[in-house]
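Quick caveat: nothing in here was measured; it's all calculated off a predicted structure. This chain uses plain numbering: 1 for the first residue, then up along the sequence. Read the numbers this way: they start at 1 and go in the same order the structure lists the ligands and their atoms.
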Amino acid sequence: MNTHTQQIIIGVLAERATGERRVALVPSDIKKLISSAKFLIESGAGREAGFDDNAYVDAGARMADSRDILETCDVVVKVRPPGVDETPRAGRTLVSLGGHDPVLGDFLRKRSVIHLALERVPRTTRAQAMDVLSSQASIAGYASVLEGARALGVLLPMLTTAAGTIKPAKMIALGAGVAGLQAIASARRLGAVVHGFDVRAAAREQVESLGAKFVSVDADIGAGESAGGYAREQSSDQQRQLRRALSSHLAMMHLVITTAQISGRPAPLLIDRETLDVMQPGSVIVDLAAETGGNCEVTRPDQTVTVRGVRVMGPTNLPSLMATDASRLFSGNIRALLAYLLEGSGRLNLDASDPVSGALLADQNVARASVAAA
Ligand code: NAD
């Protein structure tokens with residue numbers, strides 16, 4: 001029976017996806033939420049990210065196994081989309097990524113699980129603190145520069161030594177959103193000569209404010225952004241013109257970080273084989289759009305493809321490489337989301353007319369749900 005006095009129980013599952021080292025909630029955030037909810041953490045959930053079981057117990061949580069969590073918890077939290085055996089019971093709530101997967105959406109709806117998919121957190125000022133896409137994109141942008149720099153045969157900074165002077169490497173970020181701007185800032189800190197490009201006019205000022213050069217292209221690509229300020233998809237002819245116009249700029253670059261995305265669509269193709277043919281052998285492309293098809297024609301998710309000496313990397317989970325801080329930021333987003341949805345009485349209040357929970361409930365066939373302790 002539901003009562004108003006019992007505290008809601010929130011469970012955190014360990015991640016099972018290969019190579020996934022992050023954890024959805026870290027001990028310091030549990031400490032901040034412990035007066036509003038009870039927490040069950042799967043043993044070892046935070047180990048790979050540097051948070052051991054004792055730290056969770058010190059924060060007030062209880063350790064449990066996954067079966068116990070799925071049986072007992074009113075809300076189950078994890079980073080990656082759940083596997084079949086990680087599905088909470090009917091009527092319970094799951095908070096995780098997976099909002100772009102219609103098969104998962106159908107499966108969870110059939111099981112009557114309320115899925116608060118993190119991709120649906122609205123990108124508004126109010127919800128900024130809950131936006132895992134932004135926090136993780138920022139880490140991916142930083143990590144892409146380090147990964148790319150390691151694969152390059154040249155140094156990023158200028159170096160003057162008794163043996164001679166080394167010129168700084170040239171870097172460009174294609175797509176200057178959250179990940180691209182962080183890549184620009186990181187490459188600049190490492191001493192590269194940095195460039196940026198985006199179809200949105202507003203990106204120019206942001207690129208330049210980081211000390212990078214905004215690349216202007218001689219192509220008719222139409223209005224780059226929609227009324228909401230987000231990138232608009234180009235026609236196939238505009239995309240072709242853009243590729244040819246970018247080609248001469250890319251021929252001069254050593255490190256290319258591509259981050260161009262159109263929400264809900266395949267990534268735009270910015271680098272084709274014709275461009276790879278004019279790029280310098282030894283240059284490196286890190287394609288952060290690999291998961292949605294890639295910005296480069298030869299990109300393969302989680303592989304490195306070499307064409308005429310140009311290495312094209314397609315990492316799909318760079319935040320996991322920086323698991324400690326990626327988890328801290330992810331957890332901070334989850335804490336902000338839970339704090340917003342939890343009432344003092346310990347209920348999780350979901351209401352379709354609320355700007356945040358309304359967006360999260362958008363495809364749930366649920367107008368209002370008040371998840372209380374079972
Ligand atoms: P994203 O990951 O969807 O796309 C990355 C970038 O690719 C975008 O800047 C987009 O303009 C660009 N792009 C798309 N097609 C392109 C093409 N053909 N060529 C070159 N670039 C192309 O975007 P994002 O990084 O998540 O965010 C984009 C913008 O939204 C940023 O300006 C960001 O500041 C803003 N934003 C606002 C909030 C908020 O207000 N809470 C949250 C997140 C992002």
Side-chain angles (χ1 to χ4, degrees), residues 97 99-100 118-142 144 172-185 195-210 212 214-247 249-250 253 256-272 275 285-297 316 318-319 329 332-333 336-337 340 355-356 359:
L97 291 168
H100 292 149
L118 295 165
E119 291 89 345
R120 283 199 296 269
V121 168
R123 305 196 99 178
T124 57
T125 307
R126 178 66 192 85
Q128 217 162 359
M130 311 165 200
D131 184 3
V132 300
L133 294 189
S134 289
S135 73
Q136 304 303 297
S138 195
I139 291 181
Y142 166 80
S144 67
I172 188 166
L174 299 181
V178 180
L181 290 174
Q182 189 56 250
I184 286 172
H195 307 74
F197 170 74
D198 200 294
V199 286
R200 287 181 301 113
R204 172 186 287 273
E205 200 188 323
Q206 291 165 341
V207 166
E208 289 175 348
S209 75
L210 293 171
F214 189 84
V215 164
S216 303
V217 292
D218 188 14
D220 174 21
I221 54 169
E225 58 196 80
S226 63
Y230 284 93
R232 201 181 51 77
E233 191 172 25
Q234 273 69 49
S235 69
S236 58
D237 184 52
Q238 286 170 331
Q239 283 197 31
R240 192 188 50 75
Q241 285 194 46
L242 179 56
R243 283 197 291 279
R244 295 286 66 78
L246 283 172
S247 180
H249 297 281
L250 293 171
M253 300 295 158
V256 180
I257 310 281
T258 68
T259 75
Q261 301 268 10
I262 305 280
S263 184
R265 301 281 307 143
L269 180 60
L270 300 176
I271 305 175
D272 54 16
T275 300
I285 298 170
V286 184
D287 189 346
L288 292 187
E291 216 161 15
T292 50
N295 293 140
C296 176
E297 190 177 339
T316 60
L318 286 176
L329 296 188
N333 297 139
L337 176 66
Y340 181 87
V356 176

- Message: For Leu270, state whether at least one heavy atom is located under 4.0 Å from any atom of ligand 1.
- Response: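 Yes; Leu270 lies near enough to ligand 1 that a heavy-atom distance drops under 4.0 Å.
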- Message: Is Ala137 close enough to touch ligand 1? Criterion: a residue heavy atom under 4.0 Å from a ligand atom.
- Response: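 Ala137 does not count as a contact of ligand 1 under the 4.0 Å cut-off.
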Those atoms of ligand 1 less than 4.0 Å from some heavy atom in [X]:
X: Tyr230; value: 30 (O), 36 (N), 37 (C)
X: Ser134; value: 42 (C), 43 (C)
X: Gln234; value: 18 (N)
X: Phe197; value: 19 (N), 20 (C)

- Query: Using a distance-only test with no angle check, is there a side-chain donor-acceptor pair under 3.5 angstrom linking Gln182 and Ser138?
  - Reply: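 Indeed, the side chains of Gln182 and Ser138 share at least one donor-acceptor pair under 3.5 Å.
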[X] contact mode with ligand 1 (heavy-atom cut-off under 4.0 Å):
X: Ile262; result: side chain
X: Asp131; result: side chain
X: Ala176; result: backbone

- Item | Contact (N/O only, under 3.5 Å) between Arg200 and ligand 1 |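 So ligand 1 has an N or O lying under 3.5 Å from an N or O of Arg200.
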- Message: Please enumerate all residues that pass side-chain hydrogen bond (donor to acceptor under 3.5 Å, both in side chains) together with Thr292, with sequence neighbours excluded.
- Response: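 For Thr292, the residues satisfying side-chain hydrogen bond (donor to acceptor under 3.5 Å, both in side chains) (neighbours in sequence not counted) are Gln261.
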Measuring from [atom], which candidate in [options] has the nearest non-hydrogen atom?
atom: atom 24 (P) of ligand 1; options: Arg126, Gln261, Arg123; value: Arg123
atom: atom 33 (C) of ligand 1; options: Val199, Val178, Leu181; value: Val178
atom: atom 6 (C) of ligand 1; options: Asp198, Thr125, Leu246, Leu242; value: Asp198
atom: atom 13 (N) of ligand 1; options: Ala203, Ala260, Ala267; value: Ala260

- Residue list, side chain to side chain contact (heavy atoms under 4.5 Å, CB included) with Ala336, at least two apart or on another chain: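 For Ala336, the residues satisfying side chain to side chain contact (heavy atoms under 4.5 Å, CB included) (neighbours in sequence not counted) are Ala129, Met130.
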